[in-house]
Number of protein chains: 2
Amino acid sequence: MSHTPGVRQAQKRKTRQALLDAALSLLEEQSLSSLGLREVTRAVGVAPTAFYRHFHSTADLGVALVEEALGSLHPMIRTTMSPAEDDDERIDRAVELIAGHVAAHPAHVRFIARERHGGVQPVRRAIREQLARFAEEVRAELATDASAAGWSETDLRMLAGLYVDQMLITASLFLETLDAPDDERRRAVETARRQLRLISVGRTHWLD
Amino acid sequence: MSHTPGVRQAQKRKTRQALLDAALSLLEEQSLSSLGLREVTRAVGVAPTAFYRHFHSTADLGVALVEEALGSLHPMIRTTMSPAEDDDERIDRAVELIAGHVAAHPAHVRFIARERHGGVQPVRRAIREQLARFAEEVRAELATDASAAGWSETDLRMLAGLYVDQMLITASLFLETLDAPDDERRRAVETARRQLRLISVGRTHWLD
DNA sequence: GGAGTCAGTGAACAACTGTAACCACAAATG
DNA sequence: CATTTGTGGTTACAGTTGTTCACTGACTCC
């Protein structure tokens, strides 16, 4: 007790986080499958062998990055997908939330978009699982919506998957226009809004 | 004339194609940014230096692979997007075409999905340009459709982009279920069909 | 048919990689 | 306080990488 336990663990977490940060930064210009363990430790200023104290391999680090990038995003689903005055308001809210997230964490978004179909199987699986969780959360939220009356479970899942994919597309579109002229960015936002709106229109007339 | 010119060029093209094939095969389990030039030449059974006779770098080879994977796909747009008896028939046709293409050229599809957001900038750009061409072709085809009356140019482009993205999503979904049990594959096909149908419904009610 | 072109070879290079064994020393434990 | 634990450092190894250079020998052209 007198030795204030946890000093050591705190330091360990600190270097672990430094490794994650350095890796994420290095991954802006390459894929995970070409990321070397020495490269990461060099960027942190730590011995190569120290890497093993935190991760088995770079693939392992990649899985941790998936958790970091997507794990904290789940609470946002409820607030985003919850019913609004009208559909357009909900769409605007979602688009703004995505734009804000991309602007705040561009490297994380880039990492997910890149490694979703990337060359490292465990990372692909981790991303797939997280996205499946998102889809399930969206489905649950859609089910509470009044306009979901008469929808089959299959169709609800289909729609939830469509929304999740569309949000990823939107995020990666915003990422590409991050350092583009203002008018191009505005055009991207408008395109994303209309695409979501078209899906929304399809949704309201689905049961015709 | 008597010397039958072209024997040399034919041989060169043959090894070039062998390099492309070997690279594509190696890329099933890794990303382009980690593909080594020696790795490719070793797989072909040729000296490392021979690589330079055909490509400046692996990034250059990647751009050539983009051309190979997407270049020959443009003619398919017209036949796929051309009007049909009813919308559902057109959707079925498109889904079957995608499924067939994925089954026939899985490595190409995987390569495009992987490198679209991959770590090699010139390859990303090449893919983006090809997809932009697809979107333009889809837009042109949509414009001839009777149901496009009253649509703005902006909205037509928006819809074309949505279709192209959705086709890529569908292709990568089919790719994931390539060696999955039959019922899961059927479910994937059904999901893809319904997602396209929902977009189609949104399209017909867009001007309300 | 002789000269030139050029796809592919082989050896050599400096730099890099992942990983192993062993060591140092501060923190945690009793 | 003495002992154990475990993060991180050091050194070393065997393999790999991209790129260079001078070369061979078959094909092409005049």
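Each chain gets a letter, A, B and so on, in the order its sequence line appears, and its residues count up from 1. Remember, it's a predicted structure, so these values are computed and weren't measured experimentally.
Between A/Arg42 and C/dA15, a side-chain N or O to OP1/OP2 separation shorter than 4.0 Å is absent.
A/Leu19 places its CG atom 12 Å from the C1' atom of D/dT7, with the value rounded to the nearest Å. Taking atom CD of B/Gln9 as the reference point, atom C1' of D/dC29 lies 13 Å away to the nearest angstrom. Across the protein-nucleic acid pair, A/Leu37 atom CG and D/dG9 atom P stand 13 Å apart, rounded to whole Å. As a whole-Å value, the separation of B/Leu35 CG from D/dT16 C1' is 14 Å. Distance, B/Gln30 CD to D/dT16 C1': 14 Å, rounded to whole Å. When the C1' atom of C/dT19 is taken as reference, atom CZ of A/Phe55 falls 18 Å away, rounded to whole Å. A/Tyr52 places its OH atom 10 Å from the C1' atom of C/dT17, with the value rounded to the nearest Å. To the nearest angstrom, C1' of C/dA27 lies 16 Å from CZ of A/Arg13.
With hydrogens and angles left out, the side chain of A/Thr49 and the base of D/dT10 share a donor-acceptor pair within 3.5 Å. For C/dC6, its base sits under 3.5 Å from the side chain of B/Arg8 at one donor and acceptor pair at least. Side chain B/Arg38 to base D/dT19: a donor-acceptor pair is found below 3.5 Å. The base of C/dG8 has none of its N or O atoms less than 3.5 Å from a complementary donor or acceptor on the side chain of B/Thr15.
The shortest distance between side-chain heavy atoms of A/Arg203 and A/Tyr163 falls below 4.5 Å. Two residues are said to be in side-chain contact when any heavy atoms from C-beta on lie closer than 4.5 Å; B/Asp21 and B/Val44 fail this criterion. B/Met158 places a side-chain heavy atom less than 4.5 Å from the side chain of A/Leu198.
By the neighbour-count criterion of 12 heavy atoms within 6.0 Å, atom CD of B/Glu129 is densely surrounded, having more than that number from other residues, nucleotides or ligands.
Each of A/Gly36 and A/Arg53 was assigned the nucleotide of DNA chain C with the nearest heavy atom; the assignment lying further toward the 5' end belongs to A/Gly36. Between B/Pro48 and A/Lys12, the residue anchored nearer the 5' end of DNA chain D, judged by the nucleotide with its closest heavy atom, is A/Lys12.
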Quick one: do B/Val63 and B/Glu115 satisfy side chain to side chain contact (heavy atoms under 4.5 Å, CB included)? Show the steps, please.
CA-CA 10 Å; B/Val63 172; B/Glu115 301 303 330; over 6 Å; no
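Within 4.0 Å of B/Ala50, counting heavy atoms only, lies at least one base atom of the nucleic acid.
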